[in-house]
Amino acid sequence: MTAAAAADRRGPEGNGFGLENLPFGVARLPDGSVTCVSALDTSVIDLARLGRAGLLWVPGVAADVFEEGSLNRFLACGRAAWEGVRGRIARLVQTGERELGRAFVPVSQVELLAPVAAGDFVDFSASVHHATRVGRLLRPDGDPLPPQWRHMPVGYHGRAGSMVASGTGVIRPHGQRPTGGAGPVLAPTEALDFEAEVGFVVGCGSTPGRPVPTAGFADHVAGVVLVNDWSARDVQAYESRPLGPFLGKSFATSMSPWLVTLGALEPYRVPGPVQDPAPPPYLRTDGPAAYDLHIDVTLQSETMRAEGMAPVQISAAAFAAMYWTGPQLLAHVTANGAHIRPGDVVASGTVSGPDAGSEACLLELTRAGERPLSLPDGSTRSYLEDGDTVVVRGWAGGDGRPLLSLGEVVGTVVPARPMEV
Ligand code: MN
């Protein structure tokens, strides 16, 4: 089932924001106040209001922890608090608590903001299909996977300060790119791309010098968000020798508004793929370590929007097929003794699968522009044009099991700003 079909369903499975979900987010309410919220069906729930009424009392959670512009302070309270508050909300719904009715606001009347003030942002490349396909494009004559790839997850530290809420316009970035003989120029990118990813959000920090074992994952990670790691491929290719991604990635990274907790995702935990060779001991996991999530991507050009054409789906991928799992990514981030803090985001990397249509970025979908996509408005795309809107959606279940929505992360490309240099 596609996300569109899933989102349109209002049967027993609901819209993916039923009592099984109860995610956490931050919203600007119609009166202008900003508060931590949860979601049920088509409403948000004002958690600050419930907190003031004394209805969310859970050991270790201060009454005013929801009266913040981010979830960070609440997330730092720990796993018992995350699941305890979800349990309290569910009971308030089931008992028909009157004050709860006053805490409901239609989601159409609020502005959903970024759920966390991101601390550190780490981005991995955990899909073997993405890594192999990109390796072939960049190094056609060599081994597409570098020799260490199956021994440890490969990643880089991104720029937390550029993480933006879903819906924020993405200004086409400038960067240096080669022109041939005349030397490089600083100019707007001609190869703007998206990367559909899943981000693990740290709730509980760790201690410097104490790596987080894979078994400690659920004590530290509160849940997941969807991430779009916007990328300027021409800038990235020119600057990334010998160091990793820098200005080609640092201009914007979008995150979805709902943090869906690991507790809500527990029924969708599945074994990860077989890893050969076996990873080193600190990266070994006991039990199912992957999550059975579906990710898809739609694109709508400015012309399509103007002519009333629906967005077209350009990618559909399975997160469960990622080679490296969340517990392994977090264990690797901390393996050298580096500690994590509330609000840190550890992203998976592009969620690309093996099949045609499961590539989760344009670099792969169009084979670096060699096979442009055709859009319903008659235009083609090698990379993104100004006015293009990219929506990354995610969900679990809907296949007989309860539908659990991760919501969506949306971004529209804004023309480059004139630069005086
Ligand atoms: Mn990425």
Side-chain angles (χ1 to χ4, degrees), residues 114 118 120-138 144-146 149 152-164 166 168 170 173 175 189 191-201 224-240 243-256 293 295-297 299 314-315 317-319 321-326 328-330 332-333 344-353 358-366 368 383-384 390-394 406 408-411 413:
D120 283 300
F121 169 48
V122 175
D123 195 23
F124 278 97
S125 175
S127 158
V128 69
H129 309 293
H130 172 73
T132 304
R133 227 179 257 116
V134 171
R136 276 201 197 103
L137 289 167
L138 300 183
L145 281 186
W149 203 91
M152 63 173 176
V154 174
Y156 69 96
H157 276 94
R159 189 163 192 271
S162 302
M163 296 198 83
V164 297
S166 176
T168 306
V170 176
T189 177
L192 184 59
D193 201 355
F194 66 85
E195 290 187 339
E197 309 194 6
V198 171
F200 296 99
V201 179
V224 306
V225 293
L226 297 167
V227 170
N228 186 337
D229 178 27
W230 303 93
S231 303
R233 299 302 186 191
D234 42 5
V235 179
Q236 182 188 354
Y238 189 54
E239 73 183 1
S240 294
L243 297 184
F246 189 47
L247 300 181
K249 296 265 194 183
S250 67
F251 52 95
T253 308
S254 305
M255 63 196 301
S256 62
L293 309 180
I295 308 294
D296 80 8
V297 183
L299 179 61
I314 57 173
S315 174
F319 186 63
M322 300 291 273
Y323 189 86
W324 296 105
T325 63
Q328 294 177 315
L329 301 183
L330 192 71
H332 192 63
V333 164
D344 285 359
V345 178
V346 176
S348 61
T350 309
V351 184
S352 294
S358 68
E359 306 96 328
C361 65
L362 286 172
L363 173 65
E364 290 174 78
L365 280 166
T366 72
Y383 291 104
L384 297 171
V390 177
V391 180
V392 179
R393 300 182 293 196
L406 303 182
E408 59 186 33
V409 56
V410 183
V413 181

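Just so you know, these numbers come straight off a predicted model, no measurement behind them. Note that ligands are numbered from 1 as they come in the structure, with each ligand's atoms numbered from 1 the same way. Excluded from the calculations below are hydrogen atoms, water molecules and symmetry mates; all remaining heavy atoms, backbone and side chain alike, are included.
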Look at the side chain of Ser125 and the backbone N and O of Ala131, then say whether any donor-acceptor pair between them is shorter than 3.5 Å.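 Checking the backbone N and O of Ala131 against the side chain of Ser125, no donor-acceptor pair under 3.5 Å is found.
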To make sure I understand the geometry: which N, O or S atom in [X] is closest to the Mn ion (ligand 1)?
X	answer
Asp123	OD2
Glu195	OE1
Glu197	OE2
Asp229	OD2

If the condition is ring pair (Phe, Tyr, Trp, His ring centres under 6.0 Å), which residues does Phe121 pass it with, not counting sequence neighbours?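 Result, ring pair (Phe, Tyr, Trp, His ring centres under 6.0 Å) vs Phe121: none returned.
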Taking only residues two or more places apart in sequence, or in another chain, which ones meet Ala191 in a side chain to side chain contact (heavy atoms under 4.5 Å, CB included)?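 Listed in chain order: Thr189, Arg233, Asp234, Tyr383.
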For the student: nearest non-hydrogen atoms of Asp123 and Asp229, plus distance: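 Minimum heavy-atom contact is OD2-OD2, 2.8 Å.
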